[in-house]
Number of protein chains: 2
Amino acid sequence: MKSNATAQAVAELAKVSQSAVSRSFTPGASVSEDTRARVLSAAKALGYRPNALARSLITRRSHIIALVMGYLENQFYPLVIQELSQKLQRQGYHVLMFITEAGEPTDGVLAEILQYQVDAVVMASAMLSPGLARQCADTGVPVVMFNRVPQMSSFAGSSTSSVTSDNRRGGRMVAELLLARGYRRIAFLGGLENSSTHRERERGFNEALAEAGTAAVGRALGHYDFERAREATRELFSGADKPDALFVANDHMAIAAMDVLRQELQLRVPQDVGVVGFDDVPQAAWGAYQLTTVVQSVEQMVDATVDVLHEQMRDGSQPRNVVIPCRIVERATVRSA
Amino acid sequence: MKSNATAQAVAELAKVSQSAVSRSFTPGASVSEDTRARVLSAAKALGYRPNALARSLITRRSHIIALVMGYLENQFYPLVIQELSQKLQRQGYHVLMFITEAGEPTDGVLAEILQYQVDAVVMASAMLSPGLARQCADTGVPVVMFNRVPQMSSFAGSSTSSVTSDNRRGGRMVAELLLARGYRRIAFLGGLENSSTHRERERGFNEALAEAGTAAVGRALGHYDFERAREATRELFSGADKPDALFVANDHMAIAAMDVLRQELQLRVPQDVGVVGFDDVPQAAWGAYQLTTVVQSVEQMVDATVDVLHEQMRDGSQPRNVVIPCRIVERATVRSA
DNA sequence: CTGAAAGCGCTTACAG
DNA sequence: CTGAAAGCGCTTACAG
């Protein structure tokens, strides 16, 4: 049944050595046109394809990249899977998916990742503890954080790179836009306290507010979860001095917030309250939401990630932290000038 | 740098043979408690983990499952990735992602899949041509189609299983619901002509309509694409005799249709036109859409897939075609009784 | 350009 | 229970 032809079988049929078969499938190896042709035709006859596992054992490169993710509800991440796998595939690499259960990979999944001899790991929508990062570094497998940044101090000496957009700048831009459009009681609906995107976005936002001589009138956490973002919105609007605008740390939660605003609180967007998100997922453009948001280009971020990956895999050079510029796309959730 | 300890190194440290090391990491192998303990502690000291690639070479089981997908825009598929990887991980298997560029895997990607010696392949949101299916069968790797069914005739003799919901029954239920609620000019907004979900859903829908002595008043194709679904909606409403209800082949397109209905055509849902989708993706429940739809349980489908996978990997038994029941969840896009 | 040989890191009969 | 040995399917010096 399993008709897995081996290089040996091909060699016999083609009447050459097994080494010749191997060379015929190795780009740049020295084989004459003639033998390569004979080998290739024998291989085709037998349905032979080199065993990638055996090859990896020798070459010490599996051409497998581990992609670790915590949750895919936020459409941003599926897009990352798609872009990253496609780009990597075109270059002969493949993605081994790891979905963490609790948001943070355990020693267990890390061990498995390492057992599969992956050439590198990219962490997206999941955090790597300093201990695990160290373990990767010790094994020599480069890790790049996608859309998050390691806690600096504890990662000294590890080979953890990162690719993020300019979250701080994005946060600033949101505050400036909202202020310019006359909103005065602006609240922040964040994600998770220990998330670097959350922190940087809030920081830039608060800085710009402070420079304008004001401050946020409210703050609540949605934990990057749809339902909890709804609750956070109710919380923000439960007091006496209600916000007239919301900066939400990502689109996924911004949409949840809009649902509550319009349907439970009977508030009009953008007249009664302005809303700005972050990411620009496809849903942000849907007719019923038309969310004004900060654009993070998945494509640019993935391109940068792949560059860093190659660089790190090639020469294990110093870790890099790439920051991609972002911009606001105005749709219909902030009133016009 | 790469401190990849080998079994040999552990053996030396623990003063046992390399076989003993191997046995200590093989569940059920015969090793005394004493040597196993010595091995484990030596392994820990060296940071040793068995090389999964080398193991696979011998055991002929990689514990890798290939997951082939065409596009992830429709949120249904990310959920499948998540459920499937998690479930498989818990059982010691891992998912190697393959994203096809054109919707159909080429010989190229199939060859790569096979080179990695995957234990099985699941095809979701991508079709396998009969030729490729045959190739998998020849190699003895089981394939299961997820949410789609192979074209019967040409797959005779191949080991292609499938897991789908009862799409035909789902289509019937939609027609019956719409009719019961007084809609009389019902149109169908389909996906792709050669997609089995599209065909079965339309078939059940048409059958129920026919039994009620009526027929669809319109039909257009959205190609499972958001923008093209918008166009299809415009097309459906461009004639004189406009539909008063739409059965859309999936939620992703149903949402696109609702945007056009409400914002371009100024039609009210469900008063002027009823809308029913299929899948019950999370977005269907969003406040702005509240789509009445047919529920496909990702969890049940994934459970069934994993069962079939194990069955096929174990004894290469006859291919199976599992059909999961579905049901309608009523929200706000069909008027009430 | 070519083949024989060593070896990648393991598992698994085979004897003891 | 244990070790020596063969072997999984390849790549890659090494000679020729």
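Throughout, a chain's letter reflects where its sequence line sits, starting with A, and its residues are numbered from 1.
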- Contact state string [nucleotides 8-16 of chain D, B base, S sugar-phosphate only, - no protein heavy atom under 4.0 Å]: BBBBBB---
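In this structure, B/Arg36 places its CZ atom 11 Å from P of D/dT2, rounding to the nearest Å. Distance CZ (B/Arg38) to P (D/dT2): 9 Å, rounded to an integer number of Å.
Donor-acceptor pairing under 3.5 Å is lacking for the side chains of B/His94 and B/Gln89.
For the OP1/OP2 pair of D/dC1 and a distance below 4.0 Å, the side-chain nitrogens and oxygens of B/Ser32 include no atom meeting the criterion.
Closest of all the heavy-atom pairs between A/Tyr224 and A/Tyr71 is CB-OH, 3.3 Å. Between B/Thr160 and B/Pro319 the shortest heavy-atom distance is O-CB, 3.4 Å.
Ion pairing between A/Glu101 and B/Arg90 holds under the 4.0 Å rule for side-chain N and carboxylate O.
Across all strands shown, C/dA13 forms no Watson-Crick or G-U wobble pair with both distances under 3.5 Å. The nucleotide C/dA4 finds no pairing partner, because no Watson-Crick or G-U wobble arrangement with both distances shorter than 3.5 Å includes it.
Counting any heavy atom pair closer than 4.0 Å across all strands shown, B/Ser30 reaches a base atom. Contact annotation for B/Ser56: no contact, since no heavy-atom pair falls under 4.0 Å across all strands.
Between B/Tyr48 and B/Phe25, the angle of the ring planes goes over 60°, which puts this pair in the perpendicular group of the 30/60° scheme.
A centroid separation of less than 6.0 Å is found between the aromatic rings of B/His310 and B/Tyr93.
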